Protein chains: 2
Amino acid sequence: MSRRELDPRKELILKVVTDDYIESAEPVGSRTIARKYNLGLSPATIRNEMADLEEGGYLKQPHVSAGRIPSQQGYRYYVDALMPQKELTEEELTLIRSYFEDRSREIDSILQQTVKILAQLTRYPSIMLGPTLKPAVFKHVQLIPLSARDLLILIVTDMGIIENRVIALDSPVAQGDLDRVSYILNKRLRGRPFIDFKSSVLRELREEIKANNGIFQKAVNLILNTLETRDKERIYLDGIINILDHPEFKQVEKFKLLMELMEEEEKLYRLLSSRQQGLKISIGEENQEEAAQECSLITANYEVGGQVVGTIGVLGPTRMEYAHVVSVVDYIAQKLSEFLSSL
Amino acid sequence: MSRRELDPRKELILKVVTDDYIESAEPVGSRTIARKYNLGLSPATIRNEMADLEEGGYLKQPHVSAGRIPSQQGYRYYVDALMPQKELTEEELTLIRSYFEDRSREIDSILQQTVKILAQLTRYPSIMLGPTLKPAVFKHVQLIPLSARDLLILIVTDMGIIENRVIALDSPVAQGDLDRVSYILNKRLRGRPFIDFKSSVLRELREEIKANNGIFQKAVNLILNTLETRDKERIYLDGIINILDHPEFKQVEKFKLLMELMEEEEKLYRLLSSRQQGLKISIGEENQEEAAQECSLITANYEVGGQVVGTIGVLGPTRMEYAHVVSVVDYIAQKLSEFLSSL
DNA sequence: GCTTAGCACTCGCCTTTCGGGAGTGCTAAC
DNA sequence: GTTAGCACTCCCGAAAGGCGAGTGCTAAGC
């Protein structure tokens, strides 16, 4: 990533063009810049600089008699070197903070609400990859008989995520047996991370499995199964319609492409799960996913106890309000991390 | 609802116009009908009949030199009296049946998948109002200590719906106390419908509440709270993008209106929850919700043990494949009822 | 008396045409 | 290196015109 390879005046003009285009969605001409931004330069000078910037690949012209817009490379330079640091407004800060102060809800609704607030503040579609169970720790495991033939297995993690499954039994089981199995499972599992289950815990349990009847085996299988099902973390979405406010999606086709991406959990998952590195911006064709190649994606990871567990992100047109979105995403990720860690 | 008020030939022409318009989305002219449907009538005759139908309010013209399209009243007559009964194809039947044969998943995913299959078969956006808890029966209630200060309350219904909440305690509680409370709750609640809780059960429990310590009170409050939160049933959605395949939504504005409706749980809830009467079709402005007034909504209720518990529906343009959608919605509602009742 | 052929007429839609305007690149002067 | 001037390009929106689908009416036919 080449920074500072342009001289200051070219940088200034690239910045002004990008800022203006982000705001107006219209190609920016030399005259507009001279009039609007008072750079102390004549349109002709600006034209010369813009021609150079175009030659360097930072700007492009939709057609010969239009103004310039940033190219993908231009956005990249802007994001890396020119973008202003944008502080969140007092209202925004208050909104986010006050939202995370309410601790009474269950985790799923908190996550859903977090995406909603992200979409609301950025006015772009927002995505979240729910917390992975990998670093999660068993807090409680229990078998509960629902009827003669149905057994409920309950798994609670330290983060408050609760999984439950029902197993149908071949034959009735005595409460005492269940309690014993629950007791052993808890003794072995409590405090252990999920990730150890398949590797080490399973081995340790082998003898107990032998010693006990089929229930134990079933319970263990169910835990395994649950861990695997939950391996693909849930994806949360909100504010998809926001994308319709932007002229680049006025043609239904463009919108449909994106909408299809949004309905494909698998693709979203791929898009988000590869992003384990703090705040990340990918612009246009830097995105692998074809449907997102006219978009930019800004993501940040959130953590529990210092360990990355998930990702939140915002998807918008390449002509996106980078500065603002970066601040919002970053701050919300941070607050969410604090929140989850405090549970 | 006036049926059979048109003479047979007018009915025939209304039916043909409607069928053709549903298929082609283009206004239908007299010539087209004469050529395509071989009614043994000349275009001129058909024109006369169409003029009569227009006068009667069954057809309308988008503009004077275009063909006719059905009016809302025309669709209504079509739906009430003319619509052919459409059998599902063998593939469709197999798909639905095979889907409901797999009994291993949890209820939430079953409901989500049901909407998905509905959207897939109809090619319209599909909605479901999740089963109400009103007629649900307590199957199991239990308090489980997670740590010194956290208590999990678990409520299982006969339909396999599982609710859980965590309460923070002021002070530690002995396992014995918890077991006793769980025992009493189960004894009192098992087999009783949720709806009795607030009215009669609560009264019966009053003495126990007094006799026991604060836990009991807390648990009861939490159950109350859970029942109330779950009072608004969950809404499931799928296939919203399908709407983009239809020319009436090519303008982004139209689509946006509908999309906003889809994001407003409250409105969807109102739209669906008022439909306790088997299969129902509402056309255009028969819908209360403004955003749906260029749409038709076809819904059916599903039942558990003979009692209506929820609604599934399909939303499409008024120019909708009524016959096909009716069959699909009806059949899926029926299969879903059987499925849920068998749990 | 209903049905139909003929015909004039209407009107949306598509294509073409045609300025106007915004913006450029080049050149020459400062 | 900067800037004024100017010719040139080309998108865009409005206006114009022709096409075609479809109609309603009239008068003749069965």
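No experiment lies behind these values; they were computed from the predicted model shown.
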Please figure out whether E49(B) or S65(A) has its closest DNA chain C nucleotide nearer the 5' end.
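Nearer the 5' end of the strand: E49(B).
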On DNA chain D, check which nucleotide each of G67(B) and A44(B) is closest to and give me the residue with the more 5' one.
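Mapping each residue to its closest nucleotide by heavy atoms, the 5'-most match is G67(B).
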Checking side-chain hydrogen bond (donor to acceptor under 3.5 Å, both in side chains) for the pair T299(A)/R275(A): CA distance, chi angles, key distance, verdict?
CA-CA 8 Å; T299(A) 57; R275(A) 302 188 147 242; 2.7 Å; yes
Measuring from atom OH of Y78(B) to atom CD1 of I281(B), what distance do you get when rounded to the nearest 0.5 angstrom?
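One finds 10.0 Å between OH of Y78(B) and CD1 of I281(B).
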Hey, could you give me the NE2/CE distance between H246(A) and M320(A), rounded to the nearest 0.5 Å?
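It comes to 8.0 Å.
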Taking atom CD of Q251(A) as the centre, report whether more than 12 heavy atoms of other residues, nucleotides or ligands fall under 6.0 Å from it.
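Enclosed: over 12 neighbouring heavy atoms sit under 6.0 Å from CD of Q251(A).
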What is the separation between atom [atom1] on [X] and atom [atom2] on [N], rounded to the nearest whole Å?
X: I13(B); N: dG22(D); atom1: CD1; atom2: P; result: 15 Å
X: R68(B); N: dG22(D); atom1: CZ; atom2: P; result: 11 Å
X: D7(A); N: dG1(D); atom1: CG; atom2: C1'; result: 13 Å
X: N48(A); N: dT3(D); atom1: CG; atom2: P; result: 10 Å

Not counting sequence neighbours, which residues clear salt bridge (charged side-chain N to carboxylate O under 4.0 Å, His left out) with E26(B)? List them please.
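Testing E26(B) for salt bridge (charged side-chain N to carboxylate O under 4.0 Å, His left out), a comparison that skips the adjacent residues, returns none.
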Chain A contact limits on DNA chain C, taken 5' to 3' with a cut-off of 4.0 angstrom to heavy atoms:
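Endpoints of the contacted stretch of DNA chain C: dA22(C) to dG25(C).
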Give, ordered by number, those residues of residues 14-42 of chain B having at least one heavy-atom distance below 4.0 Å to an atom of DNA chain D; if nothing qualifies, reply none.
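Result for residues 14-42 of chain B: G29(B), S30(B), T32(B), sorted by number.
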Applying a 4.0 Å non-hydrogen cut-off, can you work out what A66(A) is touching in the nucleic acid: base, sugar-phosphate, or nothing?
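A66(A): backbone/sugar contact only, no base atoms under 4.0 Å.
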How about [X] and [Y]: does a side-chain donor come under 3.5 Å of a side-chain acceptor?
X: T45(B); Y: R9(B); value: no
X: S126(A); Y: D238(A); value: no
X: Y75(A); Y: S296(A); value: no

